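Remember, predicted model here, so these are calculated numbers, not experimental data. Values below: all heavy atoms of this structure, side chains included; hydrogens, waters and symmetry mates excluded.
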Amino acid sequence: MGKGRPRAVETGQNLTVSSTGSLNIQSGPVYYPSEEEFRDPLGYIYKIRPEAEPYGICKIVPPKTWNPPFSLNLDSFTFPTKTQAIHQLQARPASCDSKTFELEYNRFLEGHCGKKLKKRVIFEGEELDLCKLFNAVRRYGGYDKVVKGKKWGEVFRFVRSGKKISECAKHVLCQLYREHLYDYEGYYNRLNRERAKSYKRGINEDAKNEKKAKIYSSKRRRKNSDHRNVKVCKVEEEDHDQICEQCRSGLHGEVMLLCDRCNKGWHIYCLSPPLKQVPPGNWYCFECLNSDKDSFGFIPGKQFTLEAFRRLADRANKKWFGSGCASRVQIEKKFWEIVEGLAGDVEVMYGSDLDTSVHGSGFPRVNDQRPESVEPKAWDEYCKSPWNLNNLPKLKGSMLRAVHHNITGVMVPWLYIGMLFSAFCWHFEDHCFYSMNYLHWGEPKCWYSVPGSEASAFEKVMRDCLPDLFDAQPDLLFQLVTMLNPSVLRENGVPVYSVLQEPGNFVITFPRSYHGGFNLGLNCAEAVNFAPADWLPHGGSGAELYQLYRKAPVLSHEELLCVVAKSDWDKNASTYLRKELLRMYKKERTFRERLWLSGITRSSPMSPRRSPEFVGTEEDPTCIICKQYLYLSAVVCRCRPSAFVCLEHWEHLCECKSSKHRLLYRHTLAVLADLVLIVDKHESEEMPPSDSLLGNISSSSELNSLKKKVKGAHVTHAQLAEQWLSQACKIFQGPFSGDAYATLLKEAEQFLWAGAEMDSVRDVVKNLTAARKWVQGIRDCLSKIENWSAGGDFEKVAHKRVKKLLSVDPVPCNEPGYHKLKHCAEEANLLVHDIDAALSTFSKLDELELLYSRACSSSIHVEQILKLSQKISLVKVWIDNARKAISNEQPAAVEVDILYKLKTEILELQVQVQEKEMIFDLVSQAESCQARCRSLLSGSVTLKDVEVLLQEMASFSVNIPELALLKQYQIDASLWITKLNDIMINIHQREDQQSVINELNRILVDGESLKIQVDELSLVKIELKKACCREKAIKARNSKMALDFLQQLLADAVILQIEREDLFISLSRELAGALQWEERAKDILACKAQMSEFEDLIRMSEDIVAIMPSLGDVKAAILVANSWLNNSKPFLEPDLSGSSTSRSLLKLDDLKELVSESRFLKITFKQQNVLETILENSKRWQHDAYSLLQDVECLYSVTDIGDGRSNDLILKIEHIVNLIESVSKAGLSFGLDFPEIPKLQNACSTLHWCNKVLSFCYLMPSYEDVESLMNISEQLSIMHSSCNLLSSLIFGAKWLKKVSEVISAPVKCNACKLTDAEEMLAAYQDISVAFPMMVAQLTEATCKHRSVY
């Protein structure tokens, strides 16, 4: 949807519901950014700010594609909680101390009524706490308003919480208040009005009146508990009897305010908020006003797992709303009833302010472990998302990017695990930051907001509605423990807006916007602060508020401004940054100018930052009065070196004169002005800075308009600077004077902190400082030269330092010692030249030692003496090492690397010594030996060549690594040959040839790894092949092997010339027997043979060690033959031709398959012929049965039936029936499942039925006979639907049945109509079968019927 117009703003109506709960509060705006808009959070917020900021809050619903994974492990997640007493967020008494109230009340009684409170006041059998009663009545506007509004029930709840209220109790409470406290209330109100007038008067008074007020206040007296007069502070005494509990200083006793109960002191400017004057009447400190017993706050609770907290939240839901689902209206109404004390005591747990750097964030982070259920691509995407609250404060365009350290709750998000009614009370963010809250999951969160423009109105209503709480805690709104019904705010003209945050929604609160709310059930949210450019002016206001209430800030606002101005800021920040920098510059300039006018002229810059590009890398001191960071400037005094104050509170530091104070500044006003101009130039690069801006920066109103009295005359800051510059010019022209320079530099401190107008002073100061440093250097050098020349253990002056001092051109000032030092330097320069010449050429050792002696006696230390000394030491060490190498005659005693090192060193030292040629000769011999060794090593090395070289170089004193390597190679080869000879002893006679193979393999590997060629290596390979051949022969002897394997094995033995060994002779005999068996087996398999011959082959193969190729074929032939015999047995049994009822029929196809298989058998059987004979007989029977079935089909096709005798049809049927019975019997005798037998049997039964029907042509059948035939005919008509004979006979039988019903069964049937009988006679004409007897009888019956009727 994009920005557009938010729905709430567009219509003026609420968004998701017609009203916000029971309070009917207008909803804040809701925005639906598009995918494009959602890519830049700060840009989008900047876009909607003009529309949303007047509400103080808004809700942002992300696009549907926004679905970040919840990264916390809910099973292992644990968190601490806080206990919230919801019923006390508003309806709680002030944490007043009853003893303090009693003290003040008794003083009132004595001073105004002349009496004391003699006895306790009893109410409902218990002592009445007058302090609580007084504060409760004040809460509701005083006695008159409570009576008028009938609020004594609410007052009772404050006094006796949890007890039943009766009308009588209300009346008694009213009477007791009237009797004991009504007059005190009037006194209290009058005193407050006087204090308010004095505060107002104190604020508007000028400096002169303030001094008078201080004089008056210093003369005040306090009464302690013993009613004795006590001075506020004894200024005249050195040891202070009273110190401020805030700044720990006993100074400024005239503004020290003493508590009328505990006598502890506070400066009026150290209070939060500070007071302008000492207030009239009695005054009590906050410790005495507040009782620890009644103090209110959120108490740390238990540690919970999420599952345990969920159970707790579910129980709370059921307690208040049962198992059903409550609406927002119901929940909101109940919440405010609890807050206002109308629903009893209610405590809930809230997992609030959980540091995500400790407990983990709900958003993915790069260093967190990714859950297996989350795809890596999605995890990485949301880790980098700008809407991830871990990234938001550091986005481009955020002022907090400049903050180096992570501030929990501001830079590092906080996590919130809420339950039903858990609340976050009215507050605005630290430093008036923006805040962003994201609801990860769970029930909604209800927000209320008052726009920042109405913050003052909000605070006034809060103080008016809760006066007792604010009296006890003036900074109550900083505590985040107080709620007030939004309806009360609206009734008092304060606009309030509401937002219902649902899972997946963001809620933004704007700077200085007061907001609060509560949770509608179990949920998890995460929040962080951020600061776009438009926050800067609000941040300045927040810093001033912190200063007013003496609250320690989270960060230094001035430092943030300076760091951001020096960094690469966003173009949108220019306007805000320029205005805020200008405000900071004006404030800083004004206070620095006031310090100068007040006489503070001493100043010095602060130590530079190690990392000035970030905020908070180093801890700044804080003002002991207002607790603010002192980044830009501070005031200190030597009397309190550890105490710092801001420029605004410099008068409260100590009581020393202002001339003893010192201004510490980080930047000059010129640097601060440059920052403003740089930002302004960036804002409009093509246009120069505006005249007004330049005027604001360059003008110094107070310094230009006010003059300072110096030595009896009034001068401006600029005039003093001109005088100072003139004096500096005179000093530069005369001889150097340390005191004059020091005085001048000290006087310049009053100008260095100023703006660009003092750049000339700063330049001169720089020159003065350089000149003084130069002269000090000249004099220090001459002093050291003189001291060393005079003798004694003194340090020499460095030649390098002398050269640097003399190289200054032009000379900064007139110093007589300059020429004297120059003369000394010339002698040192000549010495340096001689040493450099000696070091760069080939010199003798005695020449170098002579030069060294000259350098040691020089009064100036030259750096070259170290090189000279080092070279002399190196030459001496070299000579010692060379002599040792030359004199050692033992073989290989001198390492060749030492010789090379000696050669290189002497060439580098460039010194003439006699041992040089000897070393060079040894090196030459070593190089010759190395060359020969490397030649051998680079080619094919033989043992003989190595032994010759080793013999020649046996006495050489130099240890050549290559020669030692060749010697080691020779030793390895000799040991290898010895080991081989041990193995070759009786190698062919050993039974464990596998061990021989292993030994030969090992020695072969060792031989191949030798660096020298040995002739015996080829012998090892041959012996290894022989051992492998013997091992195979042993295996063949002990277990059967393939015939071709044995043949190859004997062939290998012949090649290796070991065929004459006993093992191979025995194996040859076995091979011959195996070949003979194989030849016979092939002959038998080639032509059919008897089973006995095959069995003889199997028996013979058992004694042969080889695996014969044909053995498998022989066994397979026997196996197939036996299988064939087993399958043939059922067909060869003697009762095959007998009755088939005793066993099931055999399959004809199986018989055919057996006969076919018999032709491929390798073994001959007599059963083959028997089966062939049975098959031939079966085929002949099938032929006969087929012919008979053809005759039946011909008979079925007969159409001329008649009476069955005239055409011999009955005789034909009987003849065929007899044939069928004969053939069927013959077929069954085979015991085979001929398919023709069922057909013959079916045809036989059909023909029997036909013959039966034809027999009725000559008989008079009964109705039962006909009906029996018809039952059978139903099956026959299905099997022979196309048979003419059968169809005609069935049709005739049906006609016969109808007639029989009329004639043969008159009892069973109803009387037949004449027309039916006539129709039967007519139907007879269509029947091809003749039933003369039935027709005659039917005709007779018809005639008889006609005659009767």
(Q) With a 4.5 Å cut-off on side-chain heavy atoms, are Val339 and Asn485 touching? (A) no
dist Gln84:CD -> Ser352:OG (nearest 0.5 Å) comes out at 6.5 Å
ask   = Are any side-chain N or O atoms of Asn505 and backbone N or O atoms of Glu502, one a donor and one an acceptor, separated by less than 3.5 Å?
value = yes
Q. With under 30° as parallel and over 60° as perpendicular, where do the rings of Phe77 and His359 fit, or are they tilted in between?
A. perpendicular
- Message: I'd like to check Asn391 versus Pro386 (side-chain heavy atoms, cut-off strictly below 4.5 Å). Are they in contact?
- Response: no
Taking every heavy atom of Leu420 against every heavy atom of Ala316, the minimum-distance pair comes out as CD2-O, 4.0 Å
Worksheet item: Can you list the steps and then say if Phe304 with Ile417 is a side-chain contact (heavy atoms from CB on, under 4.5 Å)?
Response: CA-CA 10 Å; Phe304 279 90; Ile417 310 295; over 6 Å; no
Would you call Cys446 and Ser498 a side-chain contact if the rule is heavy atoms closer than 4.5 Å? yes
* To do: Kindly indicate whether the side chain of Pro80, heavy atoms from C-beta on, has any atom under 4.5 Å from the side chain of Leu354.
  => yes
The single option from Val615, Leu555, Val528 that satisfies side chain to side chain contact (heavy atoms under 4.5 Å, CB included) with Leu400 is Leu555
Pair up each side-chain donor or acceptor in residues 531-541 with any protein partner under 3.5 Å, not counting sequence neighbours, and list the distances.
| from | atom 1 | to | atom 2 | distance (Å) |
| --- | --- | --- | --- | --- |
| Asp534 | OD1 | Tyr434 | OH | 2.3 |
| Trp535 | NE1 | His431 | O | 2.9 |
| Trp535 | NE1 | Cys432 | O | 3.3 |
| Ser541 | OG | Pro537 | O | 3.3 |

* Asked: When you check the side-chain N and O atoms of Glu526 and Ser361, is any donor under 3.5 Å from an acceptor?
  -> yes
| Yes or no on side-chain contact (heavy atoms from CB on, under 4.5 Å) for Ser27 and Tyr55, after CA distance, side-chain angles and deciding distance? | CA-CA 9 Å; Ser27 292; Tyr55 294 85; over 6 Å; no
inquiry  = A quick test of your reading: do over 12 heavy atoms of other residues, nucleotides or ligands sit less than 6.0 Å from NZ of Lys579?
reply    = no
Rounding to 0.5 Å, atoms SG (Cys425) and CG (Leu89) come to a distance of 4.5 Å
(request) Answer yes if the side chains of Glu459 and Tyr514 hold a donor-acceptor pair under 3.5 Å, and no otherwise. (result) yes
CG of Asp353 to OH of Tyr416, rounded to nearest 0.5 Å, is 4.0 Å
Main-chain N/O of Tyr382 paired to Asn388 side chain as donor or acceptor, under 3.5 Å: yes
Of all heavy-atom pairs linking Ala565 and Val679, the shortest is CB-CG2, 4.2 Å
Practice problem: Could you tell me whether the side chain of Thr78 and the main chain of Thr305 form a donor-acceptor pair under 3.5 Å? | Solution: no
Which atom pairs, donor and acceptor, lie under 3.5 Å between side-chain atoms of residues 366-374 and protein residues at least two apart or in another chain?
| from | atom 1 | to | atom 2 | distance (Å) |
| --- | --- | --- | --- | --- |
| Asp368 | OD2 | Arg365 | NE | 2.8 |
| Asp368 | OD2 | Arg365 | NH2 | 3.4 |
| Arg370 | NH1 | Val374 | O | 2.6 |

_Lys59 (side chain) donor-acceptor with Gly28 (main chain) under 3.5 angstrom_ = no
Heavy-atom side-chain contact between Phe518 and Glu332 under 4.5 Å: yes
inquiry  = Taking Val403's backbone N and O only, do any of them form a donor-acceptor pair with Lys394's side chain (distance below 3.5 Å, no angle check)?
reply    = yes
Notebook entry, point to check: Considering only heavy atoms from C-beta outward, does the side chain of Phe458 approach that of Leu484 to under 4.5 Å?
Noted result: no
CG of Leu577 to CG of Leu582, rounded to nearest 0.5 Å, is 11.0 Å
Taken to the nearest 0.5 Å, the spacing of Leu561 CG from Arg583 CZ works out to 7.0 Å
Here the pair of heavy atoms bringing Glu443 nearest to Asn523 is O-ND2, 3.0 Å
For Ala52 and Tyr31 the tightest heavy-atom approach is CB-OH, 3.6 Å
Practice problem: Decide yes or no on side-chain contact (heavy atoms from CB on, under 4.5 Å) for Tyr546 and Asp430, but give the supporting numbers first. | Solution: CA-CA 9 Å; Tyr546 276 32; Asp430 292 334; 3.4 Å; yes
In short, Leu415 meets Gly360 closest at the heavy-atom pair CD2-O, 3.8 Å
- Task: May I ask you to say whether Asp620 pairs ionically with Arg609, meaning some side-chain N is under 4.0 Å from a carboxylate O?
- Result: yes
Discussion item. What I want to find out is whether Glu544 reaches Arg512 closely enough, with some N-O distance under 4.0 Å, to be called a salt bridge.
Written reply: no
> Would you say Lys566 has more than 12 foreign heavy atoms packed within less than 6.0 Å of its NZ?
Replying inline: yes
| message | I'd like to know whether Phe424 forms a ring-ring contact (aromatic ring centres under 6.0 Å, His included) with Trp414, so could you lay out the CA-CA distance, the side-chain angles of the two residues, the decisive distance to 0.1 Å, and finally the verdict. | response | CA-CA 13 Å; Phe424 45 105; Trp414 272 349; over 10 Å; no
With no hydrogens and no angle check, is any side-chain donor or acceptor of Glu37 less than 3.5 Å from a backbone partner on Ser34? yes
Would you say the side-chain atoms of His440 pair up with the backbone N or O of Tyr438, donor to acceptor, closer than 3.5 Å? no
Check your understanding: Can a donor-acceptor pair be found between the side chains of Gln628 and His557 at a distance below 3.5 Å?
Key -> no
Without swapping roles, check the side chain of Asp680 against the backbone of Arg578 for a donor-acceptor pair under 3.5 Å. no
Heavy-atom nearest pair, Thr356 first then Pro413, reads OG1-O, 2.7 Å
Problem - Check: Val507 and His515 side chains under 4.5 Å, non-hydrogen atoms - result: no
Interatomic distance, CH2@Trp441 vs CG@Leu522, rounded to 0.5 Å, equals 4.5 Å
Margin query: Would the distance check show the side chain of Ser422 and the main-chain N or O of Asn519 forming a donor-acceptor pair, the cut-off being under 3.5 Å?
Written below: no
For Phe38, the ring-ring contact (aromatic ring centres under 6.0 Å, His included) test, sequence neighbours excluded, returns Trp66, Trp387
Going by heavy atoms in the side chains, are Gln330 and Phe321 under 4.5 Å from each other? yes
Report task. Run the numbers on Val563 and Leu560 for side-chain contact (heavy atoms from CB on, under 4.5 Å), then give the verdict. Result -> CA-CA 5 Å; Val563 172; Leu560 180 64; 5.7 Å; no
Fill in: Whether Ser449 side chain and Tyr497 backbone form a donor-acceptor pair below 3.5 Å
no
